[in-house]
Structures are given as C-alpha cells and as structure tokens.
Undergrad: 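Take this structure, written in structure tokens, and hold onto it; I'll ask about it next.
Note that the coordinates shown come from a computational prediction; the quantities given were computed from them, not determined experimentally.
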Amino acid sequence: MVPCYSVESHIEDLTQEKFSLQRALEASCTLAESLVAENSSLTDSYNQQRSIVNRLKSDMESLQEEIKAQLDGAQDVVELWPAMQ
C-alpha cells in the first residue's frame, strides 16, 4: 500500500505542474497574438511599400520614354540643322 502522504505529495506536485503549464500556455497565447499582430503590421507595410515601388517604376518608365522622345527630337534638329543654315 502507498502511504497517504506520498499520494498527497504527488497530487500537490501535479497541481503545481498544472498551474505552471497553464501559465506557460497563457504566455504562449499572448506571444502568438503579439506575433500575429506584428505579422499583420509588417504585411501591411510591405504592401504599401510595394505599391510605392510599383508607382515609382511606372513613373520612371514614363520619364525614360519622354527622355527618349526628346532625344529623338533633338537628334532630328541636329541632323536638319546644317540644311537649315
């Protein structure tokens, strides 16, 4: 037969372990919630930055086309200049 104090001690140990595990679970849940919020914030920030980058790329392509058109026009003037003299 197992002594009564041994069973009571074991129950006390298990109870303490249960509370410790509950606290660890609560801390893990809090951390998980924090990570979800941080991930959402980072995703939003990334999407905003990606939108800006896409807009800047589009603007840059438009400017490159405009510069090319102006260079073509300037080249035409350079080529016609001697004939206009």
Undergrad: Taking side chain as C-beta onward, heavy atoms only, is Asn54 less than 4.5 Å from Arg50?
TA: yes
Undergrad: About how many Å separate CD of Gln49 and CG of Leu56, when rounded to the nearest 0.5 Å?
TA: 11.5 Å
Undergrad: If you look only at distance, which donor and acceptor atoms sit under 3.5 Å apart when one is on a side chain in residues 15-26 and the other is two or more places apart or in another chain?
TA:
from  : atom 1 : to    : atom 2 : distance (Å)
Thr15 : OG1    : Ile11 : O      : 2.8
Gln16 : NE2    : Glu12 : OE2    : 2.9

Undergrad: What I want to find out is whether Arg55 reaches Asp59 closely enough, with some N-O distance under 4.0 Å, to be called a salt bridge.
TA: no
Undergrad: Calculate, to the nearest 0.5 Å, the distance between atoms CD and CD1 belonging to Gln48 and Ile52 respectively.
TA: 7.0 Å
Undergrad: About how many Å separate NZ of Lys68 and CD of Glu65, when rounded to the nearest 0.5 Å?
TA: 9.5 Å
Undergrad: Using modelled atom types and a 3.5 Å cut-off, is there a donor and acceptor pairing between side-chain atoms of Ser51 and backbone atoms of Asn47?
TA: no
Undergrad: Report the distance from atom CD of Glu66 to atom CG of Leu71, rounding to the nearest 0.5 Å.
TA: 11.0 Å
Undergrad: When rounded to the nearest 0.5 angstrom, what distance separates CG in Asp72 from CG in Asp76?
TA: 7.0 Å
